[in-house]
Amino acid sequence: QTRTRAAASAMATARRIAHAAACLLIARVGAAEAPADAPATGRASPAEATASEVHLRGVFPNYDDPITAEPNLPHPSASRGEPCAQVKAIVGAKLTGWGQIARGRYEPPEGCPSGSWHQIVFELSGAVAGVQFDRFGAVWFRGVEILRTTTPEPSPKGIVWKVVKDLTEYASLFEEPGDVAIAIPSVITSTYTGVLNINITLSFFAAKDGSSTPEITTKPPQVLPLRNMSKVASPFANLTVP
């Protein structure tokens with residue numbers, strides 16, 4: 001019993017120490033990320049940028065664009081790997097604010113009707129340069145969340161990356177026009193200078209010979225949001241569980 005009580009006491013002490021350390025880390029990060037007197041926007045001076053670059057080079061001596069070991073997303077053979085249509089839903093969005101939401105408009109593609117779709121592919125392409133944390137974000141279409149993601153931390157000279165996702169199971173959503181919204185909470189200060197530049201494209205693949213679609217053999221199930229998150233001012237702040 002004595003050993004058991006001693007072990008329990010040691011574990012409790014370790015938890016208290018870990019909790020205190022986590023609170024201290026959060027406090028430091030929060031204070032560094034958004035100081036009370038920091039301007040809403042800004043750019044680093046040449047001296048600051050040089051100092052940041054030298055520091056980052058010491059930690060990460062070589063920079064590359066993010067890569068993945070996964071193979072490219074396969075496309076139906078009947079489509080010959082070429083989309084019958086592409087819709088640019090968001091082009092050139094610059095995300096710089098904590099509560100900022102970038103919006104775009106989707107219209108069903110002409111010349112590529114929904115009955116011929118073999119596959120729908122979502123692609124987010126991004127670019128960021130300077131100093132910035134990795135940020136979490138999400139994309140909504142007609143109120144339905146279709147992507148939850150995080151961004152890579154940039155190099156001083158800049159990186160590019162992309163996220164590709166198969167949205168064929170959401171096909172019913174894309175039969176009608178609607179709003180596309182993206183939010184990646186971030187801040188821009190004299191220290192954190194990395195502006196997130198985002199594009200969103202939807203590609204539709206169909207059989208070249210016009211044959212029926214094997215991936216969508218019946219009418220796709222209707223997809224409905226619990227709440228239309230595309231319309232609220234702050235989507236992440238309005239995500240609640242009863």
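Treat the numbers as computed from the prediction; the structure is a model and nothing was measured. Every heavy atom of this structure was used, including side-chain atoms; hydrogens, water molecules and symmetry mates were not.
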**Prompt:** Is the count of non-hydrogen atoms from other residues, nucleotides or ligands lying under 6.0 Å from Glu110 atom CD greater than 12?
**Reply:** no
**Request:** Nearest 0.5 Å please: distance from the CD atom of Gln119 over to the CG atom of Asp166.
**Result:** 4.5 Å
**Request:** Return yes if some donor-acceptor pair links the side-chain N/O of Gln100 with the main-chain N/O of Ser186 below 3.5 Å, else return no.
**Result:** no
**Message:** On a heavy-atom basis, which atom in Gly92 and which in Asn199 lie closest, and how many Å separate them?
**Reply:** N-OD1, 2.5 Å
**Message:** Whether the side chain of Thr201 engages the backbone of Val87 through a donor-acceptor N/O pair (distance < 3.5 Å, no angle test) should be reported.
**Reply:** no
**Asked** Looking only at atom types and distance, does a side-chain atom of Thr151 sit under 3.5 Å from a main-chain N or O of Arg135, one as donor and one as acceptor?
**Response** yes
**Request:** Identify which one of Ile182, Thr149, Ile198 satisfies the side-chain contact (heavy atoms from CB on, under 4.5 Å) criterion when paired with Val139.
**Result:** Ile182
**Request:** Give, for atom CH2 of Trp140 and atom CG of Leu147, the distance between the pair rounded to the nearest 0.5 Å.
**Result:** 10.0 Å
**Prompt:** How many angstroms lie between atom CD of Gln132 and atom CD1 of Ile188, to the nearest 0.5 angstrom?
**Reply:** 5.0 Å
**Asked** What distance separates Leu173 CG from Tyr106 OH, expressed to the nearest 0.5 Å?
**Response** 9.5 Å
**Same apolar cluster: Phe205 and Leu73, side chain cutoff 4.5 Å** = yes
**Short N-O contact, Arg105 and Asp179, less than 4.0 angstrom** = yes
**Item:** Nearest heavy atoms of Ser116 and Pro113, plus distance in Å
**Value:** OG-O, 2.8 Å
**Item:** Any side-chain heavy-atom pair of Phe204 and Pro83 under 4.5 Å
**Value:** no
**Prompt:** Of all heavy-atom pairs between Arg148 and Gly137, which one has the smallest distance, and what is that distance?
**Reply:** CD-O, 3.2 Å
**Item:** Nearest heavy atoms of Ile101 and Ala181, plus distance in Å
**Value:** CG2-CB, 4.0 Å
**Prompt:** Measuring from Trp117:CH2 to Phe174:CZ, what's the distance to the nearest 0.5 Å?
**Reply:** 8.0 Å
**Item:** Nearest heavy atoms of Pro109 and Ala85, plus distance in Å
**Value:** CB-CB, 3.4 Å
**Item:** CD-SG distance between Gln86 and Cys84, expressed to the nearest 0.5 angstrom
**Value:** 9.5 Å
**Asked** What closest approach, in Å, do Gly130 and Thr193 show between heavy atoms, and which atom pair accounts for it?
**Response** CA-OG1, 3.5 Å
**Message:** Show, in sequence, the C-alpha distance, side-chain angles and deciding distance for Val128 and Trp161, and conclude whether the side chain to side chain contact (heavy atoms under 4.5 Å, CB included) test is met.
**Reply:** CA-CA 9 Å; Val128 60; Trp161 81 98; 3.8 Å; yes
**Request:** Count the heavy atoms of every other residue, nucleotide or ligand shown that sit under 6.0 Å from CG of Asp134, and state whether that count exceeds 12.
**Result:** yes
